[in-house]
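Take a look at the structure below.
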Amino acid sequence: MGSRPAARLRTAIGAAFYQDLVPQLEDYALGEPELLVQLLGSEIIERGEIVTHDPEDLLLVLAKEFAPDESDLGV
């Protein structure tokens, strides 16, 4: 029962991402598919199409895609 609020939160984040954020970024990057890949990541945009991940996987995909690596940290 403790994971139910976390599951609802992941679902809400996924819905906001795909219904609110993605369409705005698509409009911003209109005609520039490479820009959309830079903005959303290569696991969200594949072959010019938006890939819908389930809410739990979405958070992991975004974390993996945008996590800083050692070069970003100056290490």
Side-chain angles (χ1 to χ4, degrees):
M1 192 157 142
S3 68
R4 191 172 211 81
R8 283 196 301 258
L9 178 61
R10 286 190 297 268
T11 300
I13 290 170
F17 181 79
Y18 285 112
Q19 294 171 12
D20 298 327
L21 182 64
V22 169
Q24 290 182 33
L25 292 175
E26 283 180 306
D27 289 345
Y28 177 76
L30 190 63
E32 297 182 55
E34 300 82 20
L35 177 58
L36 196 56
V37 171
Q38 289 176 352
L39 293 169
L40 292 173
S42 60
E43 294 208 24
I44 301 294
I45 305 295
E46 290 182 4
R47 295 187 287 295
E49 297 293 323
I50 296 170
V51 176
T52 303
H53 296 276
D54 69 48
E56 187 165 323
D57 289 344
L58 174 63
L59 296 176
L60 295 172
V61 165
L62 291 172
K64 178 181 162 190
E65 184 76 31
F66 296 106
D69 59 21
E70 289 181 3
S71 65
D72 293 333
L73 300 174
V75 177

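Residue indices begin at 1 and follow the sequence shown.
Here Glu43 pairs with Lys64 under the side chain to side chain donor-acceptor pair (under 3.5 Å) rule; sequence neighbours left out. With sequence neighbours left out, Glu56 forms a salt bridge (Lys or Arg N to Asp or Glu O under 4.0 Å) with Arg10. Not a single salt bridge (Lys or Arg N to Asp or Glu O under 4.0 Å) links Glu65 to another residue, sequence neighbours left out.
A 6.0 Å sphere centred on CD of Glu46 holds more than 12 heavy atoms belonging to other residues, nucleotides or ligands.
To the nearest 0.5 Å, the span separating CD1 on Ile44 from CG on Leu21 amounts to 10.0 Å. Taken from NE2 in His53 to CG in Leu62, the straight-line distance is 8.0 Å, to the nearest 0.5 Å. Atom CD1 of Ile45 sits about 4.0 Å away from atom CG of Leu36, to the nearest 0.5 Å.
In plain terms, the two heavy atoms of Phe66 and Gly41 that are nearest each other are CZ-N, 3.8 Å. When all heavy atoms of Tyr18 and Val51 are compared, the pair lying nearest together is OH-O, 2.9 Å.
Applying the under-4.5 Å side-chain rule to Ile, Leu, Val, Met, Phe, Trp and Tyr, the cluster around Leu9 extends to Ile13, Leu59.
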Side chains of residues 27-34: which donor-acceptor pairs under 3.5 Å do they make with residues two or more places apart or in other chains?
none

